[in-house]
Amino acid sequence: MGCCEVDAFSVVLMYVNLGLEHIMTGYDHLLFLLALILISKQFADVLKIVTAFTVAHSITLFLASMEWIPVYPKWAEAGIALTICYVAAENLFVKTLKWRWTLPFCFGLIHGLGFALSISEIGFDKTYLVTSLLSFNAGIELGQLAVVGIALPLLAKLRSNERTYAAFFRVASGCIFLIGAYWFVQRVV
C-alpha cells in the first residue's frame, strides 16, 4: 500500500468522523429531523423526507464549500432556526403528508449552508477536497440514519396508543417550535 493511499484513507476516516460528530452535536439539525419525521406514519414517507433533505443539503454543502455561492453565517444559522419553527408549526396545522418531501428539500438547502460553515471552521485538506467533502457528508448521513433508526421504532411504539401519541405529538411539536424560535432570536441578535 502506497503513501498516498494511506493518506486518502486517513482523510476519509477523519472527515466521516467529523461529519458524524457534527450531526450528533448539531442539535438544531437533529431537532429539524425529528420535527420532520414526527408526523410520518410510514417508512416510505420517512425515506422520501430524509432523501430530499440529504440531496438538498449535499448540493449547498458542496457549492458553498467550493466558494461558488456565498454563505452569510448569521443568516444561515437564523434560517436553520426558522426551518425548525416552520416544520413544527406545520406539524400542528397541516394534516396531509402528500407533498411533505418538498419541504425538507427546500429547507435542506439552508441546512447545507450550515454544514458548509461547520466544515469551513474545521478546515479541509485541499489536496483531497472532494474526498473531504464527500466523507464529511457521508458522516452526516450515517449520523442521520442512526438517529432515524433509533427514533422510528420509539415513535412507532408511542403510536400504538393513538391518544397518547396525539398528545405527545402536539407537545413535542410545540416544544420544537419554541426551541427553534429561541434559537432564531439568539442568532439574529
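Taken to the nearest 0.5 Å, the CG atom of L109 stands 11.5 Å off from the CG atom of L61. A distance of 12.0 Å separates CG of L154 from CZ of R159, quoted to the nearest 0.5 Å. Note that OG of S40 and CG of L155 are 9.0 Å apart. Values are rounded to the nearest 0.5 Å. With values rounded to the nearest 0.5 angstrom, R100 atom CZ is found 10.5 Å from I37 atom CD1. Residue L20 holds its CG atom at 10.0 Å from CD of E141, rounded to the nearest 0.5 Å. Taking CD1 of I110 as the start and CD of E77 as the end, the distance is 11.5 Å to the nearest 0.5 Å.
Judged by distance alone, the side chain of N91 and the main-chain N or O of F169 form no donor-acceptor pair under 3.5 Å. The closest donor-acceptor contact from the side chain of S135 to the backbone of Y15 lies at 3.5 Å or more, if one exists at all. No donor-acceptor pair closer than 3.5 Å links the side chain of S173 to the backbone N or O of R170.
Residues W101 and F53 place their aromatic rings such that the two centres sit no closer than 6.0 Å. Note: H111 and F107 fail the aromatic proximity criterion, with ring centroids not under 6.0 Å apart.
No chain of hydrophobic side-chain contacts below 4.5 Å, direct or via other Ile, Leu, Val, Met, Phe, Trp or Tyr residues, connects L145 to V46. If you chain together hydrophobic residues whose side chains sit under 4.5 Å apart, V87 and L152 fall into the same group. Tracing side-chain contacts under 4.5 Å through hydrophobic residues (I, L, V, M, F, W, Y), one never reaches F93 starting from L103; they form parts of separate clusters. There is no path of hydrophobic side-chain contacts, each under 4.5 Å, that joins Y182 to L82. Under a hydrophobic clustering in which Ile, Leu, Val, Met, Phe, Trp and Tyr are joined whenever their side-chain heavy atoms come within less than 4.5 Å, directly or via other members, V147 and F43 fall into the same cluster.
Contact of the F177 side chain with the L92 side chain is not registered, since no non-hydrogen atoms from C-beta on lie closer than 4.5 Å. Under the 4.5 Å side-chain criterion, counting only non-hydrogen atoms from C-beta, Y165 is in contact with L38. Annotation: side chain of N137 is in contact with side chain of H57 (closest heavy-atom distance under 4.5 Å). When side chains are defined from C-beta on, I69 counts as touching L113, because their heavy atoms get closer than 4.5 Å. Annotation: side chain of M24 is not in contact with side chain of I140 (no heavy-atom distance under 4.5 Å). L134 places none of its side-chain heavy atoms less than 4.5 Å from the side chain of F62.
Here the closest heavy-atom approach between residue I119 and residue S132 is recorded as CD1-O, 4.3 Å. Taking both residues in full, the closest heavy atoms of L36 and P104 are given as CD1-CB, 3.7 Å, listed atom of the first, atom of the second, then distance. Taking all atoms of both residues into account, the shortest heavy-atom contact from A116 to A64 is CB-CB, 3.5 Å.
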> Are L33 and I23 close enough, and set up right, to give a side chain to side chain contact (heavy atoms under 4.5 Å, CB included), and what steps lead you there?
Replying inline: CA-CA 11 Å; L33 189 60; I23 198 68; over 6 Å; no

> Under the side chain to side chain contact (heavy atoms under 4.5 Å, CB included) criterion, do Q186 and W183 qualify, and how do the steps go?
Replying inline: CA-CA 5 Å; Q186 184 182 45; W183 283 336; 3.4 Å; yes

> For I80 and F32, what are the C-alpha separation, side-chain angles and deciding distance, and is it a side chain to side chain contact (heavy atoms under 4.5 Å, CB included)?
Replying inline: CA-CA 8 Å; I80 289 168; F32 177 75; 6.0 Å; no

> Between I179 and I84, is a side chain to side chain contact (heavy atoms under 4.5 Å, CB included) present by the stated rule, with each step listed?
Replying inline: CA-CA 8 Å; I179 293 168; I84 294 165; over 6 Å; no

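Here V55 pairs with T51, I59, F105 under the side chain to side chain contact (heavy atoms under 4.5 Å, CB included) rule; sequence neighbours left out. For D28, the salt bridge (charged side-chain N to carboxylate O under 4.0 Å, His left out) criterion is met by R187, not counting sequence neighbours.
Taking the six-membered ring where tryptophan is involved, the planes of F115 and H22 are perpendicular, since the angle between them exceeds 60° and thus also 30°.
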